[in-house]
Amino acid sequence: MSETAQIKLSENTYDFPVITGTENEKAVDISKLRDLSGYITLDTGYKNTGATKSAITFLDGEKGILRYRGYSIEQLAEKSNFIEVAFLLIYGELPTEKQVADFQNEISHHTLVHEDMKKFFDGFPSHSHPMGQLGSLVCSLSAFYPESLKLNQTEAEINQTIIKMLAKMSTIVSWIYKKSFGHPVIYPKNKYDYVSNFLHMTFGQRTEDVEIDPVLVDVMNKLLILHADHEQNCSTSTVRIVGSSDCNLYASISAGISALWGPLHGGANQAVIEMLEQIKEDGGDTQKWIAKAKDKNDPFRLMGFGHRVYKNFDPRAKIIKKACDDVLEKLGVNDPVLEIAKQLEEVALKDDYFVQRKLYPNVDFYSGIIYRALGFPTDMFTVLFALGRLPGWIAQWKEMKENKEPIGRPRQVYTGYTERDYVEMQAR
Ligand code: CMC
């Protein structure tokens, strides 16, 4: 017999179906609650609310499990590459050799962005934040590729927009990087795979055909895979909710980019490095900064620590910490903030405050140190997170459309004034 849940409100009792996911996750389906009883549920920050059923990513925060389409993040980070993972997330299965070659080939043929988009860079103030530029440029793709605005598109038409979105994102990200130094942009080359092409446009030379360092290609693939999806987080929920109004893919992704920017979400990778630098300049006393993080009267938080769903460890952080050691060694980089990060982690993991609240290093704690070793400036870090998260956002947007989900529209409990009469100016 299927399980039901009962809710008793005043004198009445209502039955609601219990939904069980493939990993045995349970949810009470309260979609008929208001119709039946007139009540709604209240869950600020959606800590207990499932917004959708999804077959893309599974996450068990207690056990530290993360899987894309059933494949563990550990295996994907070790054995796969970003473009294969992008295909997996978006289309549901690992691609065959031919499928991935076709996918890569199609993307390569759309990496050029409209020349007029370069004019945006003349308008942005110098040193404007790369995330602000990225959000604007991605939204503007809808102006340059207006076929994406058509309603009721065929699968093939939607797919074309998906390919263009993936293709143009890497060009835009590398151009933002180049323009931040006032350097001329480098155009994509079809002979490269996705990640190599990105590194070519970012660190390559205009004239010479330099070989892309395989260490960079490898670590970049790993970082992008680790960021590629994370089920219904703040930015992904934003992409789904914006897309649920039938908004085009570019604008939906742009909204996700804005949500990601905040330091409590993707912006944490920039905030971590700034924090580590601050601690270093202050003399490197990690105990002092741990005490500040624990002090409820001090707004300081240990950036890169804690997570809404991971309450044991963040499996991405484990992989990144090891990658960080490996890459710095291979590149011969000695970054003093790495030592401070390790000390902070060690102290925090033994401290009751952090232990009781189950606060552990998250994906952002070590990623910035790697980006820095690769040569990216701090304010580019969150843009790199966005580049990695793109296939996840696309997959979630596509799933939301395929499931024909209704427009996202939460309710509220109103706590303002009840009705009152307008007061004339002279009487106020
Ligand atoms: N430093 C100090 N105390 C913390 C921290 C921290 N980084 N994170 C949480 N706490 C405390 C918090 O003060 C609260 O204490 P109390 O119960 O005494 O009031 C308790 O731990 C629970 O925290 P919360 O803020 O209620 O938890 P949340 O689930 O709403 O927030 C979080 C999760 C990630 C926003 C939060 O842990 C945080 O602000 N971390 C730092 C920012 C960060 O690293 N964000 C990146 C997240 S991973 C990348 C991504 O996918 O977005």
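Sequential numbering from 1 along the given sequence is applied to the chain's residues. Predicted, not measured: the structure shown is a model, and the values here were computed from it. The analysis underlying the following values was restricted to heavy atoms, covering all of them including side chains, and did not include hydrogens, waters or symmetry mates.
- Between the side chain of E78 and the main chain of Q75, no donor-acceptor pair closer than 3.5 Å is present.
- The environment of NZ in K294 is crowded: more than 12 heavy-atom neighbours from other residues, nucleotides or ligands sit within 6.0 Å.
- In this structure, CZ in F300 is found 5.0 Å from CD1 in I279, a value given to the nearest 0.5 Å.
- No more than 12 heavy atoms of other residues, nucleotides or ligands lie within 6.0 Å of OH in Y46, so this atom counts as exposed by the packing criterion.
- Rounding to the nearest 0.5 angstrom, the gap separating the OG1 atom in T171 from the CG atom in L112 is 7.0 Å.
- A donor-acceptor contact shorter than 3.5 Å links the side chain of N269 to the backbone of F381.
- Checking Q160 against Y145 by side-chain atom types alone, no donor-acceptor pair falls below 3.5 Å.
- Of the possible donor and acceptor atoms, none in the side chain of T236 sits under 3.5 Å from a partner among the backbone N and O of Q232.
- Checked against salt bridge (Lys or Arg N to Asp or Glu O under 4.0 Å), K350 has the following partners two or more places apart in sequence or in another chain: E346.
- For the pair K321 and F365, the cation does not sit on the ring face, since its NZ or CZ is not both under 6.0 Å from the ring centre and inside 45° of the axis.
- By the 6.0 Å and 45° rule, R389 does not stack over the aromatic ring of F385.
- For the pair N81 (side chain) and N221 (backbone), a donor-acceptor distance under 3.5 Å is absent.
- More than 12 non-hydrogen atoms from other residues, nucleotides or ligands lie less than 6.0 angstrom from NZ of K191.
- The side-chain tip of K292 points at the ring of W289 from less than 6.0 angstrom away and within 45° of straight on.
- Salt bridge absent: K32 and D35 never bring a charged side-chain N and a carboxylate O closer than 4.0 Å.
- A distance of 9.0 Å separates OG1 of T382 from NE2 of H227, quoted to the nearest 0.5 Å.
- Distance OG1/T111 to CD/E106: 12.5 Å, rounded to 0.5 Å.
- Of the possible donor and acceptor atoms, one in the side chain of D43 sits under 3.5 Å from a partner among the backbone N and O of K47.
- Checked against the 6.0 Å centroid threshold, H230 and H265 do not count as a close aromatic pair.
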